[in-house]
There are 2 protein chains.
Amino acid sequence: MTKKPLARPRPMYLEMAQQLAAEIKNGDYQAGDLLPFDGDLADTYGVSKHTVRSAIAELRSMGLVYTQQGKGTLVRDQGGAAPAVTIDRSVQRSGKAWRLSDLPEHEPPAVTRTTLEGRVAALLGQPDQDAISVDRLLSDPATGVRAAHRMLIPLATAAEVPSLAEVPDVPPSDLLKQLSEAGKTLTFKEHVTARAPYPDERITLGLTDSSPLLISYRITAETRDGEEHPLLCEELRAPASCELVFAVAAAKAATQRTPRRSASA
Amino acid sequence: MTKKPLARPRPMYLEMAQQLAAEIKNGDYQAGDLLPFDGDLADTYGVSKHTVRSAIAELRSMGLVYTQQGKGTLVRDQGGAAPAVTIDRSVQRSGKAWRLSDLPEHEPPAVTRTTLEGRVAALLGQPDQDAISVDRLLSDPATGVRAAHRMLIPLATAAEVPSLAEVPDVPPSDLLKQLSEAGKTLTFKEHVTARAPYPDERITLGLTDSSPLLISYRITAETRDGEEHPLLCEELRAPASCELVFAVAAAKAATQRTPRRSASA
DNA sequence: TATCATTTGTTCGTATGTATC
DNA sequence: CGATACATACGAACAAATGAT
């Protein structure tokens, strides 16, 4: 009289999510369509509402659908074709004037003083040193997509170029101009990763679900004595509905030097 | 009798996740430590085990902890400082020889013929055209981290440079060399976004949870008649424990041209 | 404007399966 | 083998948001 565990290799909610995902990508559900509601899906699949919710949570975290309380579960407009917002991370220069393309500010920047720690400290090579932090909340007027931008000016850099610290909440390109006028040759590296947002980030960025966050650090460095010395660090946190675009520099590899310490180059 | 929309209490599980996240980042729990188990946490917080599970699911998707069935919930080794693997996406050139830094292959590449669709088709500007697809599963020997790499050679490009299609499963840098030898001037753009993995991607990439996936498209283009014509598209899918590094080109902005169509530059 | 049905969100309780020690 | 602890699944109740009446 023992129950047959059905010998299913994968959990039912994943099976269900995979099937629904296939149907969405197959076009059975068009973008903007409402998925059948919890109860109906539970009946047709012969499972409980809870299992349906787990499956839908999977679909949501995959970015295939989004849900609105009181309305239903809607299929995302995803030919996978176009991201909601394209954030251009290119750097342009004409003489000592720089041009960065950024989203418009949503609020006036907040200037604070912080201690460098974590990934930022590692990238700047200045753990436990102090820095001026300029925090901005950016917003794309067309879509309402928000992103958080933080410009970190280490005190060591401000000591070299004091004008940076006087009015730190100017556009980032102005800071680059001041560094150029101080005689520095600037290079740029971007470090990109992703993670799920923290609860407070979900609020400030206006995220409805826990879809991932793109994290990008732009390190502005000067090349001195053949070595790169980091001067500034910008941190950008944007929802994954965005796409970051980089114009990649094709460095000349005449001299074969590999100063990178990365495990896998 | 109007409703106060402001004083909304946040859901308990989010509150709990935020507090636990703060404690982890505060150092109350060290890397490798076991979190108190469901039942104890439920008692101390005065909630049900189900709510504890929701909170822990949040922490897991944030990458702060990971769980092992039968063992417990462990705190990730994350000073937030160093990513597991740094993937160098720089491009180096010496004459007509190119050098790309890639992870070692885990299996011999699989060559198939596909039709361009979705984001890749949009980036190449060739919807519904055919292409040669070379799929590789990369693996970092030190950490075991895996990544999926796909090189797409549109038939239009193969028609211009037939040698590409003859042996497509050579290292990407070899393809660049052939393009260079065909007299083409190459430029590179990377488009980076993130999303949660599909179930099959979780399997092939060996992911234990649904932490995000970094998606990067590298478009190799030639500049002809002042316009960029895409030639190749590489798709890289890597777990978010990785970090992608780009050396950003500082383009000269002497002529102010903005051919980008992006909504928010 | 207010009410109401619909649908998702959150929380509880409970039970069973399964991996680890 | 047994205890522990996470994973999955069912059922139920109420809260909150939405849209229509």
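Just so we're on the same page: letters track the sequence lines, and every chain starts at 1.
- In this structure B/Thr67 satisfies the side chain to side chain donor-acceptor pair (under 3.5 Å) test together with B/Arg60, sequence neighbours excluded.
- A donor-acceptor pair shorter than 3.5 Å cannot be found between the side chains of B/Thr86 and B/Asp88.
- No hydrogens or angles considered: nothing links the side chains of B/Glu235 and B/His149 as a donor-acceptor pair under 3.5 Å.
- Residues B/Ser216 and B/Leu244 approach most closely at CB-CD1, 3.8 Å, considering heavy atoms.
- In this structure, the CG atom of A/Leu34 is 15 Å from the C1' atom of D/dA20, given to the nearest Å.
- Counting atom types as modelled, A/Gln68 pairs no side-chain N or O with a base atom of D/dG19 as donor and acceptor under 3.5 Å.
- Phosphate contact (OP1/OP2 of C/dT7, side-chain N/O of A/Thr73, threshold under 4.0 Å): absent.
- Residue B/Met12 contributes atom CE, which lies 17 Å from atom P of D/dC14 at whole-angstrom precision.
- A donor-acceptor contact closer than 3.5 angstrom is absent between the side chains of A/Thr193 and B/Glu243.
- Phosphate proximity of C/dT11 to B/Tyr13: absent, as no side-chain N or O sits under 4.0 Å from OP1 or OP2.
- Rounded to whole Å, the distance from CE on A/Met16 to C1' on D/dC10 is 14 Å.
- Rounded to whole Å, the distance from NE2 on B/His50 to C1' on D/dA7 is 11 Å.
- Judged by closest nucleotide on DNA chain D, A/Lys49 is the one of A/Lys71 and A/Lys49 placed further toward the 5' end.
- Rounded to an integer number of Å, the gap from CG of B/Leu74 to P of D/dA5 is 13 Å.
- Among the nucleotides C/dG9, C/dG13, C/dT7, the one closest to any side-chain atom of B/Ser48 is C/dG13.
- With rounding to whole Å, B/Ile56 atom CD1 is found 12 Å from D/dA5 atom P.
- Neither OP1 nor OP2 of D/dT8 sits under 4.0 Å from any side-chain N or O of A/Thr51.
- Distance CD (A/Glu15) to P (D/dT8): 13 Å, rounded to an integer number of Å.
- In this structure, B/Ser54 reaches neither bases nor backbone, as no heavy-atom distance under 4.0 Å exists between it and the strands shown.
- Taking side-chain N and O atoms only, A/Arg53 has no distance below 4.0 Å to OP1 or OP2 of C/dT8.
- At least one side-chain nitrogen or oxygen of A/Arg60 sits closer than 4.0 Å to the OP1 or OP2 atom of C/dG9.
- Whole-Å rounding puts the B/Gln69 CD to C/dA19 P distance at 6 Å.
- Nucleotide D/dC10 forms a pair with C/dG13, judged by Watson-Crick or G-U wobble geometry with both contacts under 3.5 Å.
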